[in-house]
There are 2 protein chains.
Amino acid sequence: MAVQTRTLKTRAKLIEAAQNRINEAGYEALRVEDVVKDAGVAKGTFFAHFKDKDALMDHLIGGEIHAFLDEVELMEPPKSVDEILDALMPSFEFMTQERFVFDVILRHSGAAQNSEIGAIAQTFIRNGTVMAHWLAHGPFRKDIDPALMADGVGAFQIQALALHFCTAHNGFSIRDRMETYLNAWLLPKPSG
Amino acid sequence: MAVQTRTLKTRAKLIEAAQNRINEAGYEALRVEDVVKDAGVAKGTFFAHFKDKDALMDHLIGGEIHAFLDEVELMEPPKSVDEILDALMPSFEFMTQERFVFDVILRHSGAAQNSEIGAIAQTFIRNGTVMAHWLAHGPFRKDIDPALMADGVGAFQIQALALHFCTAHNGFSIRDRMETYLNAWLLPKPSG
DNA sequence: CTATGAAAGTGACCATGGTCAATTTATGGA
DNA sequence: TCCATAAATTGACCATGGTCACTTTCATAG
């Protein structure tokens, strides 16, 4: 049997309720119990729709990041590290709004450990694709595969975000740190 | 008043009980209730010694990693990417034994968000120090600060470990992936 | 040796995510 | 229209991490 309209409606109610709560009080404060109460369904229903609370978080946070990527994909390939940073900063802002959000992203960035790939993991893949295309067409090092370059940008992204939450490493903004990383990664000058 | 002997004994009992359980059934299966039962103390006592379960994990996992670093610090500075990998692999093995372990490490790698720095975060700092020293004295690129190089190695480490748990990225071993990363990061050849 | 205040320890209790046997609702065929 | 089956939903219940008012133990001043 195909999925019923009812199912889609319930799912929509759950997601809307969750989003509303998050808009009010942030991601960390979200409680499954509140969501099902607002959505007017039983607790068990929630878990029929989402494997666990984290799956909902993956869906919602992944959705936000996908929206940023929609913007990013419309851009011209950047011609400098600075232009790359301009493109990345909006999503960085989102990812650092709450430590909790970044933790969810971290947990899910390496893709689902088992089953199918989640929304956040998808954004990383999508990000890699866009980035590889950009890097292949920009004024950057040519000695390595653009996919590898993109992979590295992803790694430095995580690093910069992680250090942002680290009390020992303040004083540098994420953008400044990323700029240092990307210059060293994309524009190495080992001879000079 | 100074800390009492009693305190140290209780703490030791808790840690020993936890370590035994972990040796039996792994990190993920650890239950606070089991630990306090084995240690012969009340649940509340556990939380008087550790802020939360994660703090115990940080202590135990951080301890293991510190032991690897003890070995690493005795080594001669490596003369190639391959030798760096030889030095890193043992701890990689430990970090990938359980997805759960890697998640704990990820959560704590960026140092404590608030209060004082945890054991795992310390290992990252220590690792950075050793690595910077190595890189400064090895046949690697000279156009950037060794500390920055070390920082990058850390970022690629996380990336390689994360991808190891990603079903979409199998076929490459961690070591192979790290080798690719480190060659591109430490020995760039943008001209050729 | 005893009183006293601080440190350590206790366990009933709470918060919250997650499960599952039972129930209700939808769908398609006879 | 009615039945059989699958899908969807329910909510009591469980697992487990974490809290806190209270009790016990310790160290030291007098």
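Heavy-atom basis, side chains included; hydrogens, waters and symmetry copies ignored. Predicted, not measured: the structure shown is a model, and the values here were computed from it. Each chain gets a letter, A, B and so on, in the order the sequences are listed, and its residues count up from 1.
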Let's see if you get this right: which residues in residues 12-27 of chain A place a heavy atom under 4.0 Å from DNA chain D?
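Nothing qualifies; none.
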
Whole-Å gap separating [atom2] ([N]) and [atom1] ([X]):
X: A:Lys51; N: C:dT19; atom1: NZ; atom2: P; result: 7 Å
X: A:Arg6; N: D:dA8; atom1: CZ; atom2: C1'; result: 4 Å
X: A:Phe50; N: D:dA8; atom1: CZ; atom2: P; result: 14 Å
X: A:Leu8; N: C:dA26; atom1: CG; atom2: P; result: 14 Å

Taking only residues two or more places apart in sequence, or in another chain, which ones meet [X] in a side-chain hydrogen bond (donor to acceptor under 3.5 Å, both in side chains)?
X: B:Thr7; result: none
X: B:Asp54; result: B:Arg107, B:His108
X: A:Asp145; result: none
X: B:Arg21; result: B:Asp38

Sequence-distant partners of B:Arg6, salt bridge (charged side-chain N to carboxylate O under 4.0 Å, His left out), two or more places apart
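By the salt bridge (charged side-chain N to carboxylate O under 4.0 Å, His left out) rule, B:Arg6 matches no residue at all.
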
Qualifying residues under salt bridge (charged side-chain N to carboxylate O under 4.0 Å, His left out), relative to A:Asp86, sequence neighbours excluded
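Here the qualifying residues are A:Arg175.
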
Listed by chain and number, what are the side-chain contact (heavy atoms from CB on, under 4.5 Å) partners of A:Glu16, not counting sequence neighbours?
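Scan of A:Glu16 (side-chain contact (heavy atoms from CB on, under 4.5 Å), adjacent residues dropped) gives A:Asn20.
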
Within the structure shown, what part of the strands sits under 4.0 Å from A:Thr5 by heavy-atom distance: base, sugar-phosphate, or nothing?
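Result for A:Thr5 = nothing.
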
Salt bridge check, B:Glu73 against B:Arg126: does any charged N sit closer than 4.0 Å to a carboxylate O?
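So B:Arg126 pairs with B:Glu73 through a salt bridge.
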
Taking only the side-chain nitrogens and oxygens of A:His49, find out if one of them lies under 4.0 Å from OP1 or OP2 of D:dT9.
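Checking A:His49 against D:dT9: at least one side-chain N or O falls below 4.0 Å of OP1 or OP2.
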
Could you run through nucleotides 10-17 of chain C and give me one letter per nucleotide, 5' to 3': B if any protein heavy atom sits under 4.0 Å from the base, S if only the sugar-phosphate is that close, - if neither?
BB----SB

